[in-house]
Amino acid sequence: MYDHRQIETKWQKRWVESNLYQVKADSTKPKYYVLDMFPYPSGDGLHVGHPKGYIATDIIARKRSMEGFQVLHPMGWDAFGLPAENYALKNKVHPRVAMEKNIINFKRQLNLLGFSYDWNREINTTDPAYYRWTQWIFLQMWRQGLAYESFAPINWCPSCQTGLANEDLDDGHCERCGTLVEQRPMRQWVLKITAYADRLLNDLDKLPDWEEAIKEMQRNWIGRSEGAEIKFQIQGEKAEISVFTTRLDTIFGCTYVVLAPENEVLQNLKNKIKNWAEVEKYIEEVKNKTDLQRTDLNKEKTGIILEGVKAINPFNQEEVLVYAADYVLNSYGTGAVMAVPAHDDRDFDFAKRHNLLIRRVVVNGDGEKDLELAFTDEGKLINSGEFSGLSSAEARQKMSAYLEKNNCGQKQVNYKIKDWVYSRQRYWGEPIPLIHCDKCGVVAVPESELPVLLPEVKSYEPTGTGESPLAAITDWVKVKCPQCGAEAKRETNTMPQWGGSCWYYLRYLDPKNEQVLVDKNKEKYWSPVDLYVGGAEHATRHLIYARFWHKFLFDIGVVNYEEPFTRLKHVGLIMGEDERKMSKRWGNVINPDDMVERFGADALRVYEMFMGPFDQAVAWNTNGLSGARKFLDKVNHIFSDKQNLPISENKTILSLLHKSIKKVSEDIDAFHFNTAVSALMILINSISEYKQANQALPLNKEQLSKFIQLLSPFAPHLSEELWEKIGQEDSILHSTWPNYDQTLLKDDVITYIVQVNGKLRAQMEMPAEATENEVIARAQTEVTVSKWLEGKEIKKSIFVSGRLINFVV
RNA sequence: GCCGCGGUGGCGGAACUGGUAGACGCGCUGGACUUAAAAUCCAGUUGUAGAGAUACAGUGCGGGUUCGAUUCCCGCCCGCGGCACCA
């Protein structure tokens, strides 16, 4: 048993004193940038699951250093935003005070685990010197028309009392507090992420080292669909209804048109709609439904006919009925659809319920029999005028041409992703650096006056009025218009939590620069991030936002790469021992402080990497942690003998050492930490077996030192201690990562498997250079084999060199 | 409903491009040491039958390809994650 407290504090102190982890750009060396998603410093501190990703990046960082890279491995705090503020409100302290206290605790906990962060580069999104640049980027977007004011209804969380982006919702509930979100029309700032939708989608293909699952989530979230927009004239009116469809080929099957109840076309047709009173009542009813009630797939589709209104299908001049129904969403496409009940499930349901005409126009080898369900496959067109006989795909081509020629529509691409609602009616965020002037309109705060400091307030509780608490600070709100000098007002909304995290990885490159966001040369040297590790929950939030901002910064020449994160790995959760998510609510939280106290940081690191595949969720098990500790004790034991043990070099073990160097090196790079640890255990077990048996070590000192190096990224404290013990003076981090010797990987003796009809019957040792004939001859003499061959004819012998021989009888 | 991932001992999990299924760890059983316990060490640990050598079965289920399938193909079942009246 080694004294982990003594060893770990000793080395942590030395690492700080020698500035071991401080790095500078050095163009004579290759660089490697390893990044963790930075945490928001909550008051609960870290639980044992948080460091899992940090341990992995630390292992990679240490290995890369030993491989000769200049490694950037920074850490900081995502300290603005709702979580920090809600915590502060609950505990009745100022968010700044709470945040500062929490950071001290987080940093203490991280240091306890021996991470190799370069703390000289620490950043904090709430630091004015930092958020000055968050505001600066916002201003650049505003100048380019990418930030705009909108008054459309948005998601409103009644508990957090602020507007939210679509990305902040979880099944219609506030992602933070779980409250059901409402729709509220209000003034807000919106970022035009849709302008980047195509690039965000297409460039995913340029990221081969991102996990397919994450890319797929982003693709779904962006939700690109190609189709056509078609104008239906309203009979006897100048007005028209535009619909969006991806199935233009089915347009001859359109038997009615449906408008979303919020669609303004309805209001414009008020006078023509004979049953307006009823229609208005329906619109009211829908307004009072929550989004969840509306989108419940199981509910019956409601709707109301617009009496007196007919729409004209531009392809066959047919007059069709017009409905208002809430199964059509106003926020997607044009807020109106052409209903083709024969070929769309939703339209089919609605048509059945309202007894509407169902006309089939696409077939696929099944004749024209009556439909019991919508036929949504593609096929061959029928009953479609001049287009009959074409395939769906051909028809779409020709029909789009028809639309354009007749000026009644065109090809159109739609996205599910919405522009990003960027303002929050809360205190704890970056002030939006804009000024409202009666004469000049919206005016930017001059860049020389950035940052716009977040003022101190007496009450930072949300107001719920649609204004942030900042609106109450008249002294702060009142300013002179930078353009005309007249009395004007500051924008009082603040930025969301996601703002600061959209670009923090760039600030680490040059954290103290007061002139620019990041120095060009430093950016050129360190960019892009080579490895980024964090939770999968950010796939459609932070990771889309950050890619969007990065592309914008690329467009304005701040960065020189189009994609910020070359390789992305997501970390699997560590669950409680009861297999539930660790949470105070279940009382199953394991605190790393206790585990480090009992077993040591090295054991915790080894265990978390050994638990299972990195990206998979696994339940915590303290017994497993003690197993990791036993392994380290065994390691320590081998190196700690006072007397110098005799050495009798053993070729098998030497070969195993080199196989282990290969396996551990490759496994670390592939994020297969669990099998890397297992390889280290196998190696140490066989060394210690030899030691037990002969009282002689099978490897010499130099060979054994390679093992310490392999272990060092996982267990840096103990490794430094043993490294010193074997007489090394410099830190193990400055040593060179071991290489394996190809010639030592081959075994002299190979265990051959002998099968009869594919069933294992015997094993035998053969010299590596044995030929096929020798192996076959020998195999037939094995008793356990000959017994199965007796009296049978060998039809075939299958020989796999170095592995097996299989007799087919 | 759509998309993605997965299903292997009592448990976490290994298994290279089809070639010894269960590495490594936990737990459990027995033994050594000890007055005793802990720690440590040794042996065993997929199931069934057998004292044992051994035999048979076995990687969610049913088929198939192959000398040989956890791995490939077809058809299902279950679990997890994401998206979802997106036209």
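A, B, ... follow the sequence lines: proteins, then strands. Residue 1 opens every chain. No hydrogens, no waters, no symmetry mates; every other heavy atom, side chains included, goes into these values.
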Problem - Residue whose closest nucleotide on RNA chain B lies nearer the 5' end, A:M217 versus A:D326 - result: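 The residue whose closest nucleotide sits nearer the 5' end is A:M217.
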
No-hydrogen, no-angle side-chain donor-acceptor test under 3.5 Å, [X] and [Y]:
X: A:W620; Y: A:T622; value: yes
X: A:N588; Y: A:E577; value: no
X: A:N621; Y: A:Y607; value: no

When you measure from the side-chain N and O atoms of [X] to the phosphate of [N], is any distance below 4.0 Å, counting only OP1 and OP2?
X: A:N623; N: B:G27; answer: yes
X: A:N685; N: B:G25; answer: yes
X: A:R761; N: B:A55; answer: yes
X: A:S225; N: B:A87; answer: yes
X: A:N621; N: B:C11; answer: no

Exercise for the section: For nucleotides B:G27 and B:G22, find the distance between their C1' atoms and express it as a whole number of Å. Expected result: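 About 16 Å, rounded to a whole number of Å.
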
Categorize [X] for me: base, sugar-phosphate, or nothing, with a 4.0 angstrom heavy-atom threshold over every strand shown.
X: A:V243; result: nothing
X: A:K416; result: base
X: A:G627; result: sugar-phosphate
X: A:K630; result: sugar-phosphate
X: A:E216; result: sugar-phosphate

Exercise for the section: Applying side chain to side chain contact (heavy atoms under 4.5 Å, CB included), name anything that partners A:H354, two or more places apart in sequence or on another chain. Expected result: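 With sequence neighbours excluded, A:H354 shows a side chain to side chain contact (heavy atoms under 4.5 Å, CB included) to A:Y323, A:F350, A:L356, given in chain and number order.
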
Exercise for the section: State the dot-bracket string of RNA chain B. Criteria: Watson-Crick or G-U wobble, both atom distances under 3.5 angstrom; notation: ( ) intrastrand, [ ] crossing earlier pairs, | interstrand, . unpaired. Expected result: (((((((..(((......[....)))((((((.......))))))((((....))))..(((((..]....))))))))))))....

Practice task
Measure from NZ or CZ of A:R360 to the centre of the six-membered ring of A:F375, then state whether that distance is under 6.0 Å and the direction lies within 45° of the axis.
Solution key: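 Yes, a cation-pi geometry.
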
Exercise for the section: Could you walk me through whether A:D667 and A:T675 pass the side-chain hydrogen bond (donor to acceptor under 3.5 Å, both in side chains) test, one step at a time? Expected result: CA-CA 7 Å; A:D667 281 355; A:T675 48; 2.8 Å; yes

Exercise for the section: Verify whether the ring centers belonging to A:W221 and A:Y415 lie closer than 6.0 Å. Expected result: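 Ring-ring flag for A:W221/A:Y415: false, centres at least 6.0 Å apart.
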
